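Here's the structure, in structure tokens; my notes come after.
Side-chain atoms are counted along with the backbone in the values below, which use heavy atoms only and exclude waters and symmetry mates. In this text, all values refer to a predicted model and were calculated from it rather than measured experimentally. Numbering of ligands and ligand atoms starts at 1, following listing order. Throughout, residue positions are numbered sequentially from 1 according to the sequence presented.
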Amino acid sequence: MRFYMELHRQCRLVLFAQEQKNLSLPTLTIVVPCFNEEEVLVTTNKMLVQILEQLIMGQQISAQSVISYVDDGSQDKTWSIIEQLARESDHVSGIKLSKNVGHQKALLCGLLSSSGEAVISVDADLQDDLDVIPQMIKHFNEGAHVVYGVRADRSADSWFKRFSAEGYYRLLSYMGVDVIFNHADYRLLSRRAIEALSEYREVNLFLRGLVRDLGFQSAIVQYERAERFAGESKYPLLKMLALAWQGVTSFSTAPLRLITIIGGAVSFLSLLMTFWGLFITLFTNQALPGWASTVVPIYFLGGVQLLCVGIIGEYVAKIYIETKARPRFHIDAQVGGHMEKPHA
Ligand code: UDP
Ligand code: MG
């Protein structure tokens with residue numbers, strides 16, 4: 001009975017594939033980075049294949065759409081499960097990285113190796129609500145090149161997580177880093193957005209900042225984030241802090257500018273202190289012998305040193321930005337005549 005049901009399902013999919021050859025539906029790739037995810041993969045795959053088939057049947061995406069798992073150097077059975085899943089379904093493909101390179105790099109590998117016209121990235125634990133995928137595709141069809149999945153609220157989080165996340169986003173915006181509040185790595189990118197992303201050559205990745213830097217028409221879909229349904233978080237506090245620091249240092253040189261400002265302020269205050277010391281010595285009889293000549297140089301030299309470090313920092317910041325060699329622009333559209341593609 002199960003065999004016939006499966007046969008029936010496969011036949012319907014083949015028929016759809018034939019019908020769709022005449023329609024120009026976008027091909028979707030769902031990229032899923034996985035690190036030691038043996039406990040969740042089979043269930044995750046079942047749900048992802050289900051949603052993919054629904055979208056294919058609903059004629060929203062083409063029948064060539066796939067789910068692409070990136071095994072980020074797992075030590076458990078993750079890769080053999082992916083191999084098995086790929087054998088069982090034409091909709092499943094996999095990439096195995098040579099070692100654990102971290103979520104951001106694994107995700108970038110999946111994005112850059114994808115072939116779909118639209119690419120959605122999602123975590124293997126399916127904490128992000130798959131039900132908003134049709135909305136993402138709708139926005140894509142309406143012209144959005146980036147569709148951000150944004151958590152509607154953080155009431156499911158602990159007080160600490162909520163407080164630290166909000167503080168962090170605020171800090172980033174003070175430092176001039178452009179990120180979408182409560183958006184992580186659940187998003188849709190168009191082929192053009194991925195091509196633009198491939199022009200960024202940096203190795204210290206903070207994808208949510210880079211994607212924001214792309215520009216292009218974008219949209220937002222809101223969703224509720226669930227708990228991880230099995231297994232443990234692969235993002236312990238230390239990795240989380242490392243990512244947070246990456247976000248600051250990859251997109252902002254404000255900490256170096258801060259040193260210059262503090263150095264300038266201390267130098268200025270020590271000058272005021274010098275005048276005050278002179279005033280006390282010349283116009284009062286309360287001067288303590290040796291106080292001004294000892295204390296003022298300490299502050300003054302401290303300030304000058306900070307200022308010098310800050311100035312060196314400003315140049316280091318410039319070198320850092322230049323070595324990243326980020327593309328300076330992305331062309332969104334062109335009209336009329338023949339134009340060469342300028343080097344970004
Ligand atoms: N992940 C990865 N490499 C790593 C750590 C995590 O590919 O070094 C993947 C992991 O398998 C999952 C996603 O990144 O698909 C997010 O990890 P997790 O759900 O554990 O993070 P959390 O939701 O707890 O922040
Ligand atoms: Mg998770």
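Counted by atom type alone, T27 and S65 present zero donor-acceptor pairs between their side chains at under 3.5 Å. Between the side chains of N182 and Y169, no donor-acceptor pair of N or O atoms lies under 3.5 Å. No side-chain N or O of D129 forms a donor-acceptor pair with one of Y186 less than 3.5 Å apart.
Of all atoms in ligand 1, listed by their number and element, those nearer than 4.0 Å to a heavy atom of C34 are 7 (O), 11 (O). Close approach of ligand 1 to K234 (heavy-atom distance below 4.0 Å) involves ligand atoms 5 (C), 6 (C), 18 (P), 20 (O). Atoms of ligand 1 lying under 4.0 Å from at least one heavy atom of K239, given by number and element, are 4 (C), 5 (C), 8 (O). Listed by number with element, the atoms of ligand 1 under 4.0 angstrom from any heavy atom of P33 are 7 (O), 9 (C), 10 (C), 11 (O), 12 (C), 15 (O). Annotation for ligand 1: atoms under 4.0 Å from non-hydrogen atoms of S233 are 20 (O), 21 (O), 22 (P), 24 (O).
At a heavy-atom distance under 4.0 Å, only side-chain atoms of D72, from C-beta outward, approach ligand 1. The part of N100 lying near ligand 1 is the side chain, judged by heavy-atom distances below 4.0 Å. If you look at E227 next to ligand 1, there are no close heavy atoms at all, none under 4.0 Å. In M240, neither the side chain nor the backbone holds a heavy atom less than 4.0 Å from any atom of ligand 1.
More than 12 heavy atoms of other residues, nucleotides or ligands lie within 6.0 Å of CD in E142, so this atom counts as buried by the packing criterion. The neighbour count for F329 CZ, taken as heavy atoms of other residues, nucleotides or ligands under 6.0 Å away, is above 12. Counting non-hydrogen atoms of neighbouring residues, nucleotides and ligands closer than 6.0 angstrom, the CG atom of L238 reaches no more than 12 such neighbours. Counting non-hydrogen atoms of other residues, nucleotides and ligands closer than 6.0 Å to OH of Y299 gives a total of 12 or fewer. Counting heavy-atom neighbours within 6.0 Å of F229 CZ, excluding the residue itself, gives a total above 12. Dense packing is recorded around NZ of K324, with more than 12 heavy atoms of other residues, nucleotides or ligands lying under 6.0 Å away.
The shortest N/O to N/O separation between A106 and ligand 1 does not fall below 3.5 Å. Close N/O approach between E232 and ligand 1 is not found [any backbone or side-chain N/O within under 3.5 Å].
The side-chain heavy atoms of Y148 and R212, taken from C-beta on, include a pair separated by under 4.5 Å. Side chains of Y69 and I81 form no contact here, defined as non-hydrogen atoms less than 4.5 Å apart.
Summary of contacts: the protein heavy atom closest to atom 14 (O) of ligand 1 is H103 CD2, 3.1 Å. Among all protein heavy atoms, the one lying closest to atom 11 (O) of ligand 1 is E37 OE2, 2.5 Å. The protein atom (non-hydrogen) at minimum distance from atom 18 (P) of ligand 1 is R228 NH2, 3.5 Å. For atom 19 (O) of ligand 1, the nearest non-hydrogen atom of the protein is D125 OD2, 2.6 Å.
Contact check on R192 versus D332 returns a salt bridge, with a Lys/Arg side-chain nitrogen under 4.0 Å from an Asp/Glu carboxylate oxygen.
Residue contacts with ligand 1 do not include Q104, since none of its heavy atoms lies under 4.0 Å from the ligand.
No continuous path of hydrophobic side-chain contacts links I259 to I312 [ILVMFWY only; heavy atoms under 4.5 Å]. V177 and L171 fall within the same hydrophobic cluster, where Ile, Leu, Val, Met, Phe, Trp and Tyr residues are linked whenever their side-chain heavy atoms come under 4.5 Å apart, directly or through other members.
Protein atoms that are N, O or S and lie under 2.8 Å from the Mg ion (ligand 2) are these: D125 OD2, Q127 OE1.
Ranked by closest heavy atom to atom 1 (N) of ligand 1, the top entry among Y69, Y235, F35 is F35.
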